[in-house]
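Report on the structure given below.
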Amino acid sequence: MDERYNPRIIEEKWQKVWAENNFHKTEIDRTKPEYYVLEMFPYPSGNLHMGHVRNYSIGDVIARFHKMRGYSVLHPMGWDAFGMPAENAAIKHGIHPAEWTWKNIANMRDQQNRMGLSYDWEREVATCHPEYYRWTQWLFLLFYERGLAYKKKAAVNWCPDCATVLANEQVIEGKCWRCDSVVIKQDLEQWFFKITAYADRLLADLKELKGWPERVKIMQENWIGRSEGTEFSFTVKETGDQIPVYTTRIDTVFGVSYVVLAPEHPLVEKLTQGTAYEEPARAFVQKMQSLNELSRTSTETEKEGLPIGVRAVNPFNGEEIPILIANYVLMDYGTGAVMGVPAHDQRDFEFAAKYKLPVKPVVQPADADNSSVLTAAYEDKGKLVASGEFTGMDNEAAKAAMTKWLEAKGRGKLRVNYRLRDWLVSRQRYWGVPIPIIYCAHCGVVPVPAEQLPVLLPEKVSFAPGAKSPLATVDEFVNVTCPVCGAAARRETDTMDTFICSSWYYYRYTSPRSTTAPFEAQEADHWLPVDQYIGGIEHAILHLLYSRFFTKILKDAGLTKVNEPFRNLLTQGMVIKDGAKMSKSKGNVVSPEEIIAKYGADTARLFILFAAPPERDLEWSDQGVEGAYRFFNRLWRLVHYYAPHLNGSGKPVGDKLNKTDKELRRIHHTTVRKVTDDISGRFNFNTAISSIMELVNAIYGYKEKAATPNIPVVRAAIRDIVLLLAPFAPHITEELWAAAGGQGSVHRQLWPVADEAALKAEEVEIVVQINGKVRDKIVVPAGLGAPQMEEQVHQLDRIKELTEGKQIVKVITVPDKLVNIVVK
RNA sequence: GCCCGGGUGGUGGAAUGGCAGACACAAGGGACUUAAAAUCCCUCGGGGGCAACUCCGUGCCGGUUCGAGUCCGGCCCCGGGCACCA
């Protein structure tokens with residue numbers, strides 16, 4: 001063993017050994033329990049950043065730990081390789097997206113290997129590979145067959161910068177999730193996935209996800225946004241048209257003083273046609289449509305409306321009320337029309353105040369006083385007033401009674417509504433999966449037959465973005481013969497949202513080279529669900545919701561038995577420097593390359609796991625890295641010092657141990673237990689590492705104290721340190737394992753188990769309190785009974801002194817911990 | 001506005017209701033060295049005291065308890081998510 005720790009040499013050496021032996025190949029041993037650990041696969045931007053380093057370090061510890069614990073572990077890696085940066089690079093630098101992407105993949109894979117990560121590269125997948133996207137297309141067709149992929153013309157979110165449409169989930173505060181541009185609405189014919197058909201199951205099955213952070217489940221719950229209410233119709237007096245409305249407050253229906261339609265509501269044009277309201281209404285609608293999503297839906301925006309000259313009849317009391325159009329009613333939620341109840345809905349209240357519409361209170365609070373004028377809507381519980389036959393009822397009871405009344409008359413019904421919208425999956429971009437659909441003048445929409453998949457991306461394309469997909473400019477791609485009738489037809493030229501690619505990759509890993517199916521059911525059902533999934537909180541809704549949706553469809557189609565794809569989810573915090581997220585614009589980026597070059601991968605990994613628990617944000621500290629490096633040097637020197645005595649299997653730890661030996665042995669086994677608990681239970685790698693440091697410190701202390709060291713005791717402690725550290729620092733521990741006389745690779749050893757007998761201390765220090773304040777300490781034999789403890793405590797001079805002349809009210813004893821004397 | 005997290009030394013962070021501050025970083029002092037680096041040892045929440053010791057201290061106010069960073073109620077601040085969702 002070298003005298004000095006040289007990470008550069010040993011890391012290169014072991015990485016070579018592992019690569020040459022295909023060391024991280026997935027072990028197929030069905031006698032062992034299986035464990036699937038997965039880190040969210042990256043977009044191949046070209047370089048790893050510290051967030052990746054954190055993500056992969058966490059995953060690698062979990063993977064290696066489970067291998068040492070006797071599991072057969074699946075730990076794969078791949079590439080979410082379609083997406084716009086590749087196209088932007090093409091536009092900017094004239095390099096083909098494919099070339100750019102594959103080069104980046106090669107570079108990042110190399111960086112991952114230099115981190116010493118235990119991936120089974122035989123299972124690598126890249127979503128831009130034709131053998132992968134072939135199956136993405138196959139799944140699209142499966143969705144299509146099952147009626148879950150459909151086309152519709154709709155006002156869609158358009159990002160002018162990306163020149164493409166976005167799903168609702170990808171619009172954050174009215175802005176594009178990728179580039180932050182303000183999103184506008186456009187009417188386009190687009191492909192959608194019917195995720196709303198699964199809203200109820202996506203919501204209900206959140207309960208199954210015991211291993212998910214509460215807040216992620218809450219975010220999904222809010223996103224799905226289930227509400228229970230009543231749907232019923234108003235009749236337009238002049239034309240007899242029905243206006244269905246949805247309300248969660250049917251109990252306030254006697255307080256309705258107007259009906260509002262969304263500007264885009266289909267009835268608007270019909271009702272105003274040929275009237276004096278036609279022009280103003282059209283102008284109003286146009287004005288609303290020109291506004292972007294952000295200003296249109298903000299609560300800050302002032303409510304604006306316009307009467308359209310017709311009246312609606314309230315089915316409950318026959319009252320005639322005005323119909324208006326207004327900006328605060330949205331076409332794509334509920335029915336696109338609402339009943340206006342200013343007395344009991346704050347939005348309606350504000351609107352009514354502005355347009356001088358009547359306010360009719362129909363729900364009265366228990367402590368009602370009729371004298372005061374309402375200054376805000378009353379939205380709480382109460383008793384119904386002025387509500388015909390329902391007057392006097394409790395408002396909650398009235399909801400049920402009124403809905404029943406409607407049902408009996410066939411004029412309305414109970415309805416569950418969701419905030420969730422269908423997933424818009426078309427993208428007008430080149431670097432994505434072509435949608436495998438053909439349009440034929442005779443046969444209509446024709447899916448590409450499965451045996452003709454993949455529909456390959458043409459290589460020679462002009463990438464300039466526009467309202468149409470770049471694929472539309474490639475004649476050889478567009479022009480095709482109809483698979484049904486053989487007539488000339490044209491291909492769909494949009495590509496798929498890349499979130500489709502990443503919604504099923506964890507299935508592909510289980511049989512990555514299958515040429516007969518997206519994945520083999522037997523393999524998938526063996527490995528899935530993923531036992532531990534690790535990634536950033538930013539995917540709490542998008543990726544995780546889509547993946548859950550995919551899994552449910554795959555289950556319904558009989559392709560898998562799995563109901564939920566990710567059993568346990570760990571959401572890691574961000575890596576921060578100088579109080580802000582690392583970013584180029586802030587100039588606070590620390591590159592993993594540099595750190596690894598300077599200190600080695602083991603140090604980078606140890607620091608990032610030591611500096612904070614994984615769920616919290618982590619403040620980067622150059623001195624902290626230095627500290628991790630110092631620890632390895634300190635450990636190296638310790639092993640080097642004892643190395644001449646550590647060879648061979650050695651004599652077992654005998655029974656002739658002195659006090660110092662026993663104390664070291666106790667710390668040693670306490671550490672084994674603590675590290676095991678910290679890794680397996682709560683992923684507190686920081687405290688696991690700190691207890692290993694304490695053990696190292698304890699051996700240094702032992703080295704000073706013990707005149708003649710008990711070599712078997714030291715050897716056992718050092719070997720276990722190396723084993724406990726192996727998942728964190730895979731390179732140095734290989735080296736130290738050999739130096740400590742270990743046979744074979746440290747990563748093929750079994751995880752150590754704490755010896756219960758060694759854990760027990762013979763003596764313990766207990767705290768003596770008076771009225772809860774520590775007044776003395778005393779060393780007693782471990783396990784001493786309460787009466788004996790008390791007796792010893794009362795003999796202490798200091799306690800005698802302090803309790804003198806006082807009345808002892810009671811004494812609390814906690815074995816091996818404390819005695820508390822309560823005095824008056 | 002609503003819904004989640006989180007507030008502990010100079011810093012990152014530890015603490016099944018039982019000694020607050022483990023471990024580490026920074027800082028200060030010392031040893032070794034011609035010197036420096038590296039390494040090793042000591043100090044390190046605040047106040048008072050020569051000292052033994054003592055008082056205060058986990059965002060704020062109150063409560064439960066022999067005992068509260070931890071449990072309960074109310075509030076303040078910070079971070080995140082959602083937001084005309086009828």
Side-chain angles (χ1 to χ4, degrees), chain A residues 4 172-174 213-223 225-227 229-231 245-250 252 260 262 296-303 326-330 332-341 344-348 350-351 417-421 537-538 540-541 573-574 576 606-607 610-613 615-628 630-631 633-634 637 684 686-697 700 704 765-777 798 809-814 816-823:
Chain A
R4 291 190 49 142
I172 318 253
E173 287 177 358
E214 211 51 44
R215 61 174 180 146
V216 173
K217 288 189 275 186
I218 286 166
M219 280 161 75
Q220 293 213 352
E221 199 178 312
N222 291 341
W223 188 260
R226 183 182 198 271
S227 78
T230 308
E231 187 177 315
V245 297
Y246 172 77
T247 178
T248 53
R249 290 299 306 273
I250 189 69
T252 65
V260 198
R296 172 70 194 280
T297 58
S298 163
T299 40
E300 317 282 280
T301 309
E302 193 171 341
K303 294 175 182 28
N327 61 344
Y328 76 100
V329 176
L330 309 173
D332 51 5
Y333 183 79
T335 61
V338 302
M339 59 183 212
V341 187
H344 304 292
D345 183 290
Q346 188 56 28
R347 295 158 303 184
D348 296 342
E350 287 164 24
F351 188 73
N417 217 8
Y418 296 94
R419 202 188 78 104
L420 183 72
R421 319 282 159 76
I537 185 78
E538 66 274 16
I541 295 170
M574 288 188 299
I576 302 280
L606 190 80
F607 166 72
F610 177 66
E615 306 224 52
R616 272 212 237 177
D617 286 350
L618 179 150
E619 173 77 30
W620 183 266
S621 153
D622 290 332
Q623 286 102 336
V625 179
E626 199 75 58
R630 269 206 294 267
F631 167 72
N633 277 287
R634 193 169 148 78
R637 286 192 303 272
N684 279 11
N686 55 334
T687 51
I689 293 166
S690 77
S691 68
I692 296 172
M693 288 173 168
E694 283 179 81
L695 177 53
V696 171
N697 291 345
Y700 267 97
E704 296 302 310
E765 189 184 58
I766 65 163
V767 170
V768 185
Q769 298 181 329
I770 293 177
N771 289 344
K773 292 192 189 249
V774 180
R775 285 294 179 260
D776 207 349
K777 288 170 188 179
R798 189 163 155 68
V809 181
K810 66 167 150 178
V811 179
I812 285 116
T813 52
V814 182
D816 294 349
K817 278 261 165 64
L818 64 77
V819 176
N820 186 15
I821 303 168
V822 185
V823 298

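Values below: all heavy atoms of this structure, side chains included; hydrogens, waters and symmetry mates excluded. Just so we're on the same page: letters track the sequence lines, and every chain starts at 1. Fair warning: this is a prediction, and the values are worked out from it, not measured in the lab.
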- 5' priority, RNA chain B, between A:Trp223 and A:Lys777 [closest heavy atom]: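 By nearest-heavy-atom nucleotide position, the 5'-most residue is A:Lys777.
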
- Query: Considering heavy-atom distances to RNA chain B, does A:Tyr333 or A:Arg634 have its closest nucleotide positioned more toward the 5' end?
  - Reply: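 Its nearest nucleotide lies further toward 5', so the answer is A:Arg634.
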
For [X], answer base if it contacts any base atom (sugar-phosphate contacts may also be present), sugar-phosphate if it contacts only those atoms, and nothing otherwise; contact means non-hydrogen atoms under 4.0 Å.
X	value
A:Val774	sugar-phosphate
A:Gln769	base
A:Asp348	nothing
A:Arg775	sugar-phosphate
A:Thr335	nothing
A:Arg215	sugar-phosphate
A:Phe351	nothing
A:Ile218	sugar-phosphate
A:Val341	nothing
A:Val338	base
A:Gly225	nothing

Which heavy atom in [X] sits nearest to a heavy atom in [Y], and how many Å separate them?
X	Y	result
A:Ala612	A:Asp617	CB-O, 4.0 Å
A:Leu330	A:Ala262	C-CB, 3.8 Å
A:Val696	A:Phe631	CG2-CE1, 3.8 Å
A:Gln220	A:Ala540	NE2-O, 2.9 Å
A:Leu606	A:Ile689	CD1-CD1, 3.7 Å

Distances under 3.5 Å between nitrogen or oxygen atoms of protein and nucleotides 7-10 of chain B:
none

Nearest whole Å is fine: how far is [N] [atom2] from [X] [atom1]?
X	N	atom1	atom2	value
A:Glu704	B:C42	CD	P	10 Å
A:Leu818	B:U16	CG	C1'	14 Å
A:Asn222	B:G5	CG	P	12 Å
A:Arg4	B:U39	CZ	C1'	11 Å
A:Lys773	B:G18	NZ	C1'	15 Å
A:Asn820	B:G17	CG	P	18 Å
A:Phe631	B:A22	CZ	P	18 Å
A:Asn697	B:C40	CG	P	9 Å

- Any strand: nucleotide that pairs with B:G10 via Watson-Crick or wobble, under 3.5 Å: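 The answer is B:C25, by the H-bond criterion.
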
- Query: What is the base-pairing partner of B:A86, counting Watson-Crick and G-U wobble geometry with both distances under 3.5 Å?
  - Reply: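 Paired with no nucleotide.
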
- Task: Spell out, as yes or no, whether a donor-acceptor pair under 3.5 Å connects the side chain of A:Arg798 to the backbone of A:Arg775.
- Result: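 The answer is yes, because a donor-acceptor pair under 3.5 Å joins these two groups.
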
Choosing from [options], which nucleotide comes nearest the side chain of [X]?
X	options	result
A:Thr687	B:C84, B:G81, B:A14	B:A14
A:Gln623	B:C25, B:A86, B:G12	B:C25
A:Arg798	B:A86, B:C53, B:G12	B:C53
A:Met693	B:C23, B:G18, B:G80	B:C23
A:Pro613	B:A22, B:C25, B:G13	B:G13
A:Glu765	B:C19, B:G80, B:C84	B:C19
A:Asn327	B:G81, B:C84, B:G12	B:C84
A:Asn686	B:G18, B:G13, B:C82	B:G13
A:Tyr246	B:A86, B:C53, B:G12	B:A86
A:Arg637	B:A86, B:C40, B:C82	B:C40

- Query: Got a second to check how far A:Glu214's CD is from A:Met219's CE, nearest 0.5 Å?
  - Reply: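 So the gap between those two atoms works out to 13.0 Å.
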
- Item | Interatomic spacing from CD in A:Gln346 to CZ in A:Phe351 - rounded to 0.5 Å |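 Interatomic distance, A:Gln346 CD to A:Phe351 CZ, rounded to 0.5 Å: 14.0 Å.
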
Rounded distance in Å between the [atom1] positions of [N] and [M]:
N	M	atom1	result
B:A52	B:C66	C1'	28 Å
B:A26	B:G10	C1'	7 Å
B:U8	B:G59	C1'	10 Å
B:A31	B:A15	C1'	34 Å
B:C84	B:U70	C1'	41 Å
B:U54	B:G49	C1'	8 Å
B:A68	B:G63	P	12 Å
B:G69	B:G7	C1'	11 Å

- Task: Tell me yes or no: between the side chains of A:Arg634 and A:Asn697, is some donor less than 3.5 Å from an acceptor?
- Result: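 Looking only at side-chain atoms, A:Asn697 and A:Arg634 do form a donor-acceptor pair, the distance falling under 3.5 Å.
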
- Hey, can you tell me if A:Trp620 and A:Phe607 have their rings parallel, tilted or perpendicular (30° and 60° cut-offs)?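 Plane angle over 60°, so perpendicular.
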
- Item | Ionic contact status for A:Asp332 with A:Arg421, cut-off 4.0 Å |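 Between A:Asp332 and A:Arg421 there is a salt bridge, with a charged N closer than 4.0 Å to a carboxylate O.
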
- Does B:G28 fall in syn (glycosidic angle within 90° of 0) or anti?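 Glycosidic conformation of B:G28: anti.
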
- Per the atom types in the model, does the base of B:C66 pair as donor or acceptor with the side chain of A:Lys810 at under 3.5 Å?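 There is none.
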
